[in-house]
Structure formats: C-alpha cells, structure tokens
A.B. asks: 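So that we are looking at the same thing, I have put the structure below in structure tokens.
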Amino acid sequence: MKTNSKNILLTGGTGYIGSHTAVELLNAGYHVTIFDNLSNSKIEVLSRIEIITGAMPEFEQIDLRDEAELSKGFDKYSFDAVIHFAGLKSVGESVTNPLDTYENNLLSTIYLLKVMRKKAVLNLIFSGSATVYAIPETLPIKENNVLGADCPYGRSKLMIEEILTDLSVSDPEWKIQILRYFNPVGAHPTGLIGEDPSGIPSNLFPYLSRVAQGVYKELKIFGSDYKTSDGTCIRDYIHVVDLAKGHLSTLSRLDHSSGMEIFNLGTGHGYSVLEVVKAYEKASGIKIPYIFTERRKGDIPISYADPTKAEHLLGWKAEKTIDDMCKDAWNWQTKNPNGYIKKKKE
Ligand SMILES: NC(=O)c1ccc[n+]([C@@H]2O[C@H](COP(=O)([O-])OP(=O)(O)OC[C@H]3O[C@@H](n4cnc5c(N)ncnc54)[C@H](O)[C@@H]3O)[C@@H](O)[C@H]2O)c1
C-alpha cells in the first residue's frame with residue numbers, strides 16, 4: 001500500500017459520497033478520519049471500507065453542531081485538510097421542513113469553520129451542489145452561470161458558498177475549494193458500499209433499483225412534455241467513484257492554490273430519464289415498469305455541466321459511462337437488498 005503522511009478529516013464520511021471518497025483516499029495512502037453523527041449513515045460502512053482498502057479510517061461519532069465536542073475531536077488528531085460532506089441533502093424535506101435543513105447545514109458549517117480556524121487547519125474542500133444554479137440560459141452550465149437556488153436545500157448550499165467567500169476575503173490564509181456536484185449515482189464496483197437511503201428514495205437511481213428489485217411496482221416519471229428529445233428531464237449523472245476521485249485531485253490542487261476556487265464535477269453529458277431507464281434495464285436484465293405523472297415543481301428540463309475547468313486545473317475527468325453507473329448500482333442493490341442492515345439469521 002502507498003503511504004502518505006497526510007491526515008484528512010471527512011465530515012459526513014460514513015455517508016454515500018464520503019465513504020467512496022474515504023476508499024479513494026485510503027487507496028492513495030492518505031490517513032482518513034471521519035466525524036459523523038450517523039443521522040443518515042451506518043457504522044457498518046467502516047468495516048466495508050476496511051474490506052475494500054485494508055485500512056480502517058479513524059471514526060468519531062460527533063454532531064458538528066456541538067462545537068465543544070467538535071473542538072475535542074480536533075484536539076485528538078492533527079489534520080492537513082478537511083472535506084466537508086456533512087449535511088442534510090433531501091430537497092423534498094428541505095421544502096417541508098426548511099428550518100431543519102438550514103439549522104443543520106449552516107450551523108454545522110459555521111462551527112466547523114470556527115474550530116478549523118482555532119486549530120489553524122485552513123484547508124477546506126466543500127461539498128457544493130449544482131442546485132445552486134438558476135435555470136440555465138446557456139448550456140452546458142459553467143461555474144460562472146447565474147446562481148439562484150429554488151429550494152431551501154439549494155439556498156443553504158448557496159448561503160454556505162457566500163460564507164466561504166466572505167471568509168476567504170477576510171483571511172487569505174484560507175485555501176477553499178468548492179465542488180459543485182451534479183448527480184452522483186452508482187456504487188463501488190465491489191458492491192460493498194453504495195447509496196442506502198432511509199425511507200422512500202427521492203432520487204432516480206435508488207428508486208429505479210427498488211423497482212428492479214420488486215420493492216415498488218413502477219417508476220413514476222415526473223413529466224413527459226419537456227422540450228427534450230423524448231419529453232423527459234435530462235441530467236448529468238456522474239459515477240460516485242469518479243466523483244470521489246475528483247476529491248483526490250482537489251486535495252493535490254489545495255497544495256498549489258490560494259484563496260477560493262469553484263469547480264463543477266460532472267461528466268458534461270446529459271441523459272434523459274427514459275435513457276437511464278433503458279440503460280438500467282440493460283444492466284439488470286429486468287424490464288422496468290414506469291408511468292408518467294405530473295411535472296414536479298422546481299424541476300428544470302435540462303441540466304448538465306461544463307467540466308472543463310476541473311479538467312484543466314484539477315487534471316480530473318469523469319471516466320465511467322452510464323452503463324457502468326447502472327451496472328454498479330444494480331450490483332450494490334442485489335448484494336445489499338436491505339442496504340447496510342444484515343438480514344437476521346433464520
Ligand atoms: N448525493 C447527492 O445527490 C448530492 C448532490 C450534490 C451535493 N451533495 C452534497 O454532498 C454531501 C454528501 O452527500 P451524500 O449523498 O453523501 O449524503 P449522505 O446523507 O449519504 O451523507 C451525509 C453524511 O453527513 C452526516 N451528517 C449530517 N448532518 C450531520 C451533522 N450535523 N454532524 C455530523 N454528521 C452529519 C450524515 O449522517 C451522513 O453520513 C452533502 O453535503 C450533500 O448536500 C450530494
């Protein structure tokens with residue numbers, strides 16, 4: 001195994017994207033420490049990461065909104081950089097319960113930044129989102145496209161970006177990289193880690209997986225009359241392993257950058273919902289029943305990234321195809337029909 005003396009803190013590192021990033025960092029020889037309150041992830045993730053990489057990340061169950069506990073956590077370790085994944089990500093829940101999303105996402109970020117400043121750890125990568133963009137007037141979406149989130153979740157991400165901008169202006173010692181993810185999907189090719197949503201999934205891939213598995217009888221496709229080739233919405237889906245590798249490239253960039261930078265992490269290609277359904281049928285060998293329903297409020301017809309800035313400055317490019325995304329999502333689903341929860345012995 002390669003070694004690298006750097007210790008990277010992943011907040012929210014037992015979650016979907018964090019766990020895949022932990023694998024890539026450990027494989028590259030980094031030390032990894034995870035702080036997570038396990039509100040949306042399972043402790044079992046850690047042993048799965050160990051099986052894949054041969055290394056177990058350090059772990060502390062800490063809620064980032066508890067500044068004193070967070071500060072104690074920082075006292076135990078010495079960090080070279082922080083990747084801040086922790087947060088609530090459900091668009092739907094942010095609409096029905098905006099205060100929870102704002103409280104969690106904003107307070108945890110503010111306390112994290114205060115503690116980082118106190119402990120002189122000034123290198124940060126932040127999990128941003130393509131939801132911060134307004135309806136695009138031009139495609140593909142570049143980092144300087146007009147911003148304007150239309151749900152509390154997206155606005156919480158935008159507010160954090162503004163906080164980070166102010167922080168970076170106030171103190172040039174900070175090095176901050178904001179990564180705006182497009183639509184992360186799929187799972188690690190081993191099928192040991194993947195997306196394990198609690199409750200009814202609100203995203204296309206985990207829902208599709210459960211339809212293929214027979215848990216739900218059909219996929220509801222929101223809208224069939226968008227101005228796209230087949231009438232369904234088009235999104236830039238990115239394999240979670242490609243996304244995880246983007247963090248590795250961004251860590252290298254932190255060493256040579258100053259101030260704050262923003263990067264889109266996407267593939268640059270859009271797929272319609274019906275194209276994804278076809279690809280998933282091919283990967284699983286299962287016919288996916290679907291029905292068309294009303295458009296969902298706030299959905300924009302087409303969104304895909306211009307990832308060329310990341311390609312030029314981070315030296316990173318997504319490599320996996322839509323077929324890889326579907327194959328790995330299905331592999332994870334069949335190997336873990338109940339997510340991380342093991343079936344009780346008969
Ligand atoms: N998955 C996506 O589609 C997507 C797209 C764009 C951006 N993002 C962002 O990427 C980040 C990671 O997303 P994910 O899909 O891995 O989500 P996830 O829910 O799987 O992981 C987030 C982790 O953060 C933890 N967490 C939440 N609040 C916390 C708190 N106050 N203190 C400590 N831990 C806390 C959860 O337990 C979970 O393990 C999030 O910030 C999300 O907003 C995700």
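Order of listing sets the numbers, starting from 1, for every ligand and every atom in it. Values in this document were obtained by computation on a predicted structure and should not be read as measured data.
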A.B. asks: Does the ring centre of Trp332 sit less than 6.0 Å away from the ring centre of Tyr16?
C.D. replies: no
A.B. asks: In this structure, does ligand 1 have an atom that sits under 4.0 Å from one of the heavy atoms of Lys157?
C.D. replies: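 The answer is yes: ligand 1 sits under 4.0 Å from a heavy atom of Lys157.
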A.B. asks: For the 3.5 Å polar cut-off, considering only N or O atoms, please tell me whether Phe182 and ligand 1 meet it.
C.D. replies: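 Such a contact does not occur with ligand 1.
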A.B. asks: Tyr237 and Phe182: aromatic ring centres closer than 6.0 Å?
C.D. replies: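 No.
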A.B. asks: Compute the centroid of each ring, for His247 and then for Phe85, and state whether the two points are separated by less than 6.0 Å.
C.D. replies: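 Ring-ring flag for His247/Phe85: true, centres closer than 6.0 Å.
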A.B. asks: Among Glu195, Lys89, His20, which one puts a heavy atom closest to atom 1 (N) of ligand 1?
C.D. replies: Lys89
A.B. asks: Determine whether the side chains of Glu60 and Tyr77 contain a donor N or O and an acceptor N or O closer than 3.5 Å.
C.D. replies: yes
A.B. asks: With no hydrogens and no angle check, is any side-chain donor or acceptor of Asn105 less than 3.5 Å from a backbone partner on Tyr153?
C.D. replies: no
A.B. asks: Just to confirm my output: which protein heavy-atom neighbour is closest to atom 29 (C) of ligand 1, and how far is it?
C.D. replies: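 In this structure, atom 29 (C) of ligand 1 has Asn37 ND2, 3.4 Å as its nearest protein heavy atom.
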A.B. asks: Can you list the ligand 1 atoms lying under 4.0 Å from a non-hydrogen atom of Tyr153?
C.D. replies: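 In order of number, 6 (C), 7 (C), 8 (N), 9 (C), 42 (C), 43 (O).
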A.B. asks: I'd like to check which ligand 1 atoms, numbered from 1 as shown, lie under 4.0 Å from a non-hydrogen atom of Gly15.
C.D. replies: 16 (O), 20 (O), 21 (O), 39 (O)
A.B. asks: How far is atom 22 (C) of ligand 1 from the closest protein heavy atom, and which atom is that?
C.D. replies: Gly87 O, 4.0 Å
A.B. asks: Please check whether Asp63 reaches ligand 1 - meaning an N/O of the residue sits under 3.5 Å from an N/O of the ligand, judged on distance alone.
C.D. replies: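 The answer is yes, given that Asp63 and ligand 1 share an N or O pair closer than 3.5 Å.
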A.B. asks: Using a 4.0 Å cutoff against the non-hydrogen atoms of Ile62, which atoms of ligand 1 qualify?
C.D. replies: 32 (N), 33 (C)
A.B. asks: Show the atoms of ligand 1 that are less than 4.0 angstrom away from any heavy atom in Ser129.
C.D. replies: 6 (C), 7 (C)
A.B. asks: As an exercise, identify every atom of ligand 1 less than 4.0 angstrom from a heavy atom of Gly128.
C.D. replies: 6 (C), 7 (C)
A.B. asks: Compare all side-chain heavy atoms of Leu26 with those of Pro57 and state whether any distance is below 4.5 angstrom.
C.D. replies: yes
A.B. asks: Considering only non-hydrogen protein atoms, determine which one is nearest to atom 19 (O) of ligand 1 and report residue, atom name and distance to 0.1 Å.
C.D. replies: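 Of the protein heavy atoms, Asn40 ND2, 2.7 Å lies nearest.
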A.B. asks: My understanding is that we take every heavy atom of each candidate and find the minimum distance to atom 32 (N) of ligand 1. Doing that for Leu107, Thr131, Leu64, which one comes out nearest?
C.D. replies: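 When every heavy atom of Leu107, Thr131, Leu64 is considered, Leu64 comes closest to atom 32 (N) of ligand 1.
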A.B. asks: Work out whether the distance between some heavy atom of Leu38 and some atom of ligand 1 is less than 4.0 Å.
C.D. replies: yes
A.B. asks: Ignoring hydrogens and geometry beyond distance, is a side-chain donor-acceptor pair present between Asn336 and Arg48 at under 3.5 Å?
C.D. replies: yes
A.B. asks: Tell me the protein heavy atom at minimum distance from atom 36 (C) of ligand 1, and give that distance in Å.
C.D. replies: Asp36 OD1, 3.4 Å
A.B. asks: Any sub-3.5 Å donor-acceptor pair from Asp196's side-chain atoms to Tyr340's backbone N or O?
C.D. replies: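 Flag set: sc Asp196 to bb Tyr340 pair under 3.5 Å.
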A.B. asks: Among protein heavy atoms, which lies nearest atom 20 (O) of ligand 1, and at what distance?
C.D. replies: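 Residue, atom and distance for the closest contact: Tyr16 N, 2.9 Å.
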A.B. asks: Determine whether the side chains of Lys327 and Asn331 contain a donor N or O and an acceptor N or O closer than 3.5 Å.
C.D. replies: no
A.B. asks: Tell me yes or no: between the side chains of Tyr226 and Ser272, is some donor less than 3.5 Å from an acceptor?
C.D. replies: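 Not at all, the side chains of Tyr226 and Ser272 share no donor-acceptor pair under 3.5 Å.
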A.B. asks: Students should be able to answer this: which protein heavy-atom is nearest to atom 5 (C) of ligand 1, and at what distance?
C.D. replies: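 Nearest neighbour among protein heavy atoms for atom 5 (C) of ligand 1, to 0.1 Å: Pro184 CD, 3.8 Å.
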A.B. asks: Tell me, which protein residue and heavy-atom name are nearest atom 44 (C) of ligand 1, and how many Å apart are they?
C.D. replies: Ile17 CD1, 3.7 Å
A.B. asks: Run the numbers for me: atoms of ligand 1, each under 4.0 Å from some heavy atom of Ser41, listed by number.
C.D. replies: 37 (O), 38 (C), 39 (O)
A.B. asks: Return the closest protein heavy atom for atom 11 (C) of ligand 1 as residue, atom name and distance.
C.D. replies: Phe85 O, 3.1 Å
A.B. asks: Taking the side chain from Asp324 and the backbone from His239, do they hold a donor-acceptor pair closer than 3.5 Å?
C.D. replies: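 Checking the backbone N and O of His239 against the side chain of Asp324, no donor-acceptor pair under 3.5 Å is found.
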A.B. asks: Output the list of atoms in ligand 1 that are nearer than 4.0 Å to some heavy atom of Arg65, sorted by atom number.
C.D. replies: 31 (N)
A.B. asks: Take a 6.0 Å sphere around CD of Glu275 and say whether it holds more than 12 heavy atoms from other residues, nucleotides or ligands.
C.D. replies: yes
A.B. asks: At less than 4.0 angstrom from any non-hydrogen atom of Ala86, what atoms of ligand 1 do you find?
C.D. replies: 24 (O), 26 (N), 34 (N), 35 (C)
A.B. asks: Tell me whether Phe35 shares a hydrophobic cluster with Leu46, the cluster being built from Ile, Leu, Val, Met, Phe, Trp, Tyr side chains joined at under 4.5 Å.
C.D. replies: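 Phe35 and Leu46: separate clusters.
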